[in-house]
Amino acid sequence: MDKTFDASAAESRIYAAWEAEGCFSAGAGAEEGAESFCIVIPPPNVTGSLHMGHALNNTLQDILIRWHRMRGFDTLWQPGQDHAGIATQMVVERQLAESGNIRRTDMAREDFVAKVWEWKEQSGDTIINQLKRLGASCDWARNRFTMDEGLSRAVLKVFVDLYHEGLIYRGKRLVNWDPRFETAISDLEVESTEVDGYMWHFKYPLAGGETYEYVEKDEEGQVTLRETRDYISIATTRPETMLGDGAVAVHPSDARYAPIVGKLCEIPVGPKAHRRLIPIITDEYPDPDFGSGAVKITGAHDFNDYAVAKRGGIPCYRLMDTKAAMRDDGAPYAEEAAKAQAIIEGAALSEAEIDAINLVPDEYRGLDRMECREKVVLDITAEGLAVMTTAGDPRLGRKLKEDDDPDAPASLVEKKIIVQPFGDRSKVVIEPMLTDQWFVDAATLAKPALKAVQDGTTTFAPLNWEKTYFNWLENIEPWCISRQLWWGHQIPVWYGPAIPDKSTRLDAFMAIMEMPEGREVQAFCAPSFAEARAQAEEYYRERLSIWGFQFTVGAQETPEIGCDLIAEHSQLNISLARDPDVLDTWFSSALWPFSTLGWPDETEELKRYYKTDVLVTGFDIIFFWVARMMMTGLHFMKDAEGKREVPFHTVYVHALVRDAKGKKMSKSLGNVIDPLDLIDKYGADAVRFTLTSMAAMGRDIKLDINRVQGYRNFGTKLWNAARFAELNGCKPDPDFDPAAVKHIVNKWIVGETARVAKTVDAALAAYRFNDAAGALYAHIWGVLCDWYLELSKPLVQRDHGPANAETQATTAWAIDQCLVLLHPIMPFVTEELWGQIAKRETRLALAPWPDLPESLADPTADEEMGWVVALIDGIRSIRTEMNVPAGAQIEMVMTGHTPPVAMRLLRHAPQIQRLARLSECAVAEHAPAGSVTLALGDCAINLPLAGVIDVGIEAARLGKAVAKLGKEIGGLEGKLRNEKFLANAPEEVVAEQRDRLQTAAAEQAKLQAALDRLSEIR
RNA sequence: GGGUGCGUAGCUCAGUUGGUAGAGCACAGUGUUCACAUCGCUGGGGUCAUAGGUUCGAAUCCUGUCGCACCCACCA
């Protein structure tokens, strides 16, 4: 055997062997009918590469999987990747830009999607290979991709079913719009960040120059301000949205504005001749104590305003295009403003008609929203309608610096920390945008998902994450699932022209049919075009037959909805157009636990492995993923009795790996530790063990590279223990029976092994990964290597007759058990040793997990070996304290012992002599003169060091020890005299204290006697 | 504003029904050929953030305070 384990050379070889031999296949090594255990991997993005979070997440999963597999479960770790809509589209677009300068928008959609697939085929398995380097024992033959054929079928079915149940619907809503990717995103994809910003205060003049008495009062009702005003003052951080104001709102209880509620005021932007008038309304939303108490209502560009507008019937005017630039379409501003004014005056317009109105004055059209903001502010200010404030800087759109002139004059803008929404991928400011989108009725789906956790069908570990889960689900909003992207599952909805029903008069019908613009559309939702077409034919047949029309529905999808009316033949030629949008990536991820097992087909795997067992994940995707899997799982999956079934019984939530400041590791911050670098340097086992031992930490993991090195050394330690065993002829004996060992050292290590096995099992069952790692570390290094191998050396190395063979077999067994127990955490080094130590029937990965009865622990052996260890420890300490040269052999004489203890000493004398460097190990009636004394329970251990030791120093040492024991004794006596303690404390605690007192008293007596003898010498 | 978690040895952190504070690393001293210097042996180092309370007994339970972090919502 080599001196150390060469991880870099061995890992790929071992992994290849595992795969080649099918060790990771579903059910590998399990007997027919074995209980199943299944984990679905949180699918990494195809664009991804392994980071520390993945390393932790997958190490923990692999531990659970390997542990169950070895215990004989029918085990499946289902792997796969996520198509990651925005992220992947971004990567490919960037690549296109770098290579050919072709923009996505210059390409046909199919061509672009083909490019993405090409890219996926090339680099999509990067992450898989990295997971293999970590040692992940996924069943790679079953690898799935959210865009593959089967999963796409699952997505279509779920969409279509939910649509027909009314749980998916389309509507015009205010959504979070990402101007960089030009798509809607969900609430969860928005990150709120505090940034330096400004707030402006503007005057909205009252219509017709009207005035009112504006009165401010303090808390006691004293008038603090009274003036005549011809305006209402509003505050805004977004002046550019003033162009789309539909009203000004005040609180119904606000007395200051009561005189003008219901009147009109003027938006002070745009050409004066065509300024719009908007009503002053009341709503509960404005806070009278904030700003002026009056809020401009811009329904199309603010979520709160949208709610007010809905309540108050205020129109919402969209001001921006998909890039969040000011709209540059429609008629000249004067005409558009007139249309809006007509609405205020009572004209009824359809939603589509209102949406078509462009209220951006001609001079602002096409400007970026930020440019427009600056221009609006300058224009209003020039007009004298900006309200003076005392703080801030009049410069616009530029960040205020600390060194700005403090004596700058009172300004027209207020510096303010504002919270701005940013796209989590694009990092640009999100714009609330009024658009048509698809939504999932999440509130309905959330109910069973809530209940399943409330009643314990699914539990979180640690438990407190349930609160987070509940809190979100209880306040859940509709989930916006449509994305204006090209990469993803295209929405299975086809549109055709809507046909008025039979109550419509023929002339009206003809008029509608001949006017393609503004016509309503009819949606047909089906898993395929053919089925949608069949639905459409049914619809048109029913509606058109009344009129005697013939019709055809085109055999192909078209980019545009078509409806050619050939009147003379009473013939309609209809073509259906597919909804161009794709679904949120998380929509397909939400189906992961059953889609990967073959659903909607009723596969064998689905039956065997659903529901799955544990979901291992970071808390950052509880909302994105866990909650949604619960919703879809409970909606679509049923157990044998037809009861709705959760996707997993346990959600294990682990910490996130963060940087020193508590931020997530990210490339842009440059604070990333690459797990692959660590694997290269220290081996996968060391990285895995490190992460495992940190798994119990709180929410932040700050990775200490020194620990990785330390655990690499741990692997080496184990390696060398095995090497020692090999050098000393310790071969695993297939007939070895741990219960039958005779020698006390062997009984002891057998018991210790059984104990650590039990600890590991209990720890893993409770997801206390760090406890498992810690117990194994302490056992292998601190018990097996430090003590058992040392104490048993004489028995394996010299001829001791039967004890010799027994000890060799025990050593081999004890090491084998360690390999098995450690394998889930450190698979590579253990597998390598397993193979090197002996020829085996199976790989360690499929070796049976030990089931060691508690009866293997022998209290007598424990007590005796504990005594030996304490004795050696004590002597070693004294030697160092007394500066005895490390190589010097000294004598030891035990006094005050009972006969059994003397026997015990003699039994272990050779080992004690070797490990404590003693020339002699004797028992006597009296301590030799000039001894250093150590108290060990009832007896005294005397080291005659006359001549070597300084009597004064030894007296001081003993004095200190006696005093220390005295203090302890005092405390214990006090406690045992306390009647309340005796009355209230449990019996075993009291007994323990008595015991401790007795021991301490005995030790103190021994040391005191030694001290007395020393003073006699002096 | 609502919620969650954290503050224990120089550093990174364990400490599961309350019963005399632990690990790794770092540090200091030392080295006995015979598994291992990726090692052995020994040692120093903590009033468990803070103030109270409950208890015979609190790092552990309760309350307040201070500090740090994260999540959700958000006042224009």
Side-chain angles (χ1 to χ4, degrees), chain A residues 1 3-5 187 192 199 234-238 241 249 285-287 289-298 302-305 308 418-419 462 464-465 467-468 471-472 475 619-620 622-623 656 658 661-664 682 686 690 693-694 696-707 709-728 762 766 768 770-771 774 777-778 782 785-786 789-790 793 797 872-873 876-881 883 885-889 914-915 917 968 971-972 975 978-986 988-990 992-993 996:
Chain A
M1 273 177 82
K3 260 186 131 174
T4 57
F5 173 58
D187 306 351
S192 295
M199 189 158 78
I234 60 93
T236 181
T237 55
R238 305 204 49 199
T241 66
Y285 165 62
D287 175 0
D289 296 326
F290 185 88
S292 67
V295 185
K296 68 187 206 58
I297 300 301
T298 319
D302 182 281
F303 285 97
N304 286 310
D305 291 7
V308 176
I418 56 173
V419 181
N464 47 302
W465 287 109
K467 267 195 175 177
T468 308
N471 188 49
W472 189 67
N475 300 296
F619 56 82
D620 54 335
I622 288 178
F623 305 147
L656 291 190
R658 298 197 134 106
K661 290 174 190 160
K663 299 280 180 212
K664 282 191 198 179
Y682 299 111
T690 306
S693 64
M694 297 196 308
M697 292 182 190
R699 294 183 174 200
D700 298 358
I701 285 184
K702 286 177 237 164
L703 190 65
D704 184 354
I705 294 180
N706 281 326
R707 280 182 78 148
Q709 190 182 328
Y711 293 129
R712 188 271 319 264
N713 297 352
F714 172 58
T716 306
K717 187 74 182 174
L718 175 67
W719 181 269
N720 277 290
R723 189 161 155 255
F724 165 81
E726 189 201 38
L727 290 171
N728 289 286
R768 302 182 63 91
N770 60 315
D771 283 356
Y777 188 96
C785 292
D786 285 353
L789 294 185
E790 294 298 339
K793 253 179 198 173
Q797 290 182 335
I872 295 167
D873 264 345
R876 280 171 170 174
S877 289
I878 299 229
R879 291 178 61 110
T880 306
E881 242 174 293
N883 291 316
Q889 302 263 331
R914 208 177 72 78
L915 296 178
R917 305 293 298 163
E968 193 186 332
L972 287 166
K975 210 180 222 180
N978 185 336
E979 278 175 34
K980 284 184 178 170
F981 172 71
L982 295 175
N984 293 318
E988 63 267 24
V989 172
V990 178
E992 196 190 323
Q993 306 292 313
R996 208 179 279 160

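Here is the naming used below: chain letters follow the sequence lines, and residue numbers restart at 1 for every chain.
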Participant: Just to be sure I understand the rule, does A:D771 reach a base, reach only the sugar-phosphate, or reach nothing, if contact means heavy atoms closer than 4.0 Å?
Facilitator: base
Participant: Checking all strands, does A:T298 fall into the base, sugar-phosphate, or nothing category for heavy-atom contacts under 4.0 angstrom?
Facilitator: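 No contact.
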Participant: Report which part of the nucleic acid A:G782 touches: base, sugar-phosphate, or nothing (heavy-atom distance under 4.0 Å, all strands).
Facilitator: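 Nothing, no nucleic acid heavy atom in range.
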Participant: Tell me which nucleotide, if any, is Watson-Crick or G-U wobble paired with B:C27 when both distances must be under 3.5 Å.
Facilitator: B:G43
Participant: Partner of B:G1 by Watson-Crick or G-U wobble geometry, both contacts under 3.5 Å, or none?
Facilitator: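 Per the H-bond distance test, B:C72.
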Participant: So A:R996, base contact, sugar-phosphate only, or nothing? Heavy-atom distance under 4.0 Å.
Facilitator: base
Participant: Can you tell me if A:R768 touches the phosphate of B:G15, counting only side-chain N or O atoms and a distance under 4.0 Å to OP1 or OP2?
Facilitator: yes
Participant: To the nearest angstrom, how far is A:F724 atom CZ from B:C39 atom P?
Facilitator: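 Going from A:F724 (CZ) to B:C39 (P), I get 18 Å.
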Participant: Using atom types as modelled and distance alone, determine if a side-chain donor or acceptor of A:R914 lies under 3.5 Å from a backbone N or O of A:E790.
Facilitator: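 Between the backbone of A:E790 and the side chain of A:R914 there is a qualifying donor-acceptor contact (under 3.5 Å).
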Participant: For the pair made of CZ in A:R876 and P in B:U30, what is the distance, rounded to whole Å?
Facilitator: 18 Å
Participant: What is the distance, rounded to the nearest whole Å, between atom CZ of A:R723 and atom P of B:C34?
Facilitator: 11 Å
Participant: When the distance from CG of A:N720 to P of B:U38 is rounded to whole Å, what number comes out?
Facilitator: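 A:N720 atom CG is separated from B:U38 atom P by 11 Å.
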Participant: Nearest-Å distance, CG (A:D873) to C1' (B:G40)?
Facilitator: 13 Å
Participant: Provide the Watson-Crick or G-U wobble partner of B:C34, both distances under 3.5 Å; none if there is no partner.
Facilitator: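 Base-paired to nothing in any strand shown.
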Participant: Does a distance-only test, which skips hydrogens and angles, find a donor-acceptor pair under 3.5 Å between the side chain of A:T880 and the base of B:U42?
Facilitator: no
Participant: If I take atom CD1 in residue A:I872 and atom C1' in nucleotide B:U42, what distance separates them, rounded to the nearest angstrom?
Facilitator: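 For the pair A:I872 CD1 and B:U42 C1', the rounded distance is 15 Å.
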Participant: Could you tell me the separation between the NZ atom of A:K3 and the C1' atom of B:A35, rounded to a whole number of Å?
Facilitator: 9 Å
Participant: With no angle test and no hydrogens, is the base of B:U32 tied to the side chain of A:R917 by a donor-acceptor pair under 3.5 Å?
Facilitator: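 By the distance-only test, yes, there is a pair.
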Participant: Decide yes or no, distance alone: a donor-acceptor N/O pair under 3.5 angstrom between the base of B:C36 and the side-chain of A:K717.
Facilitator: yes
Participant: Using a heavy-atom cut-off of 4.0 Å across all strands, would you classify A:Y285 as base, sugar-phosphate, or nothing?
Facilitator: base
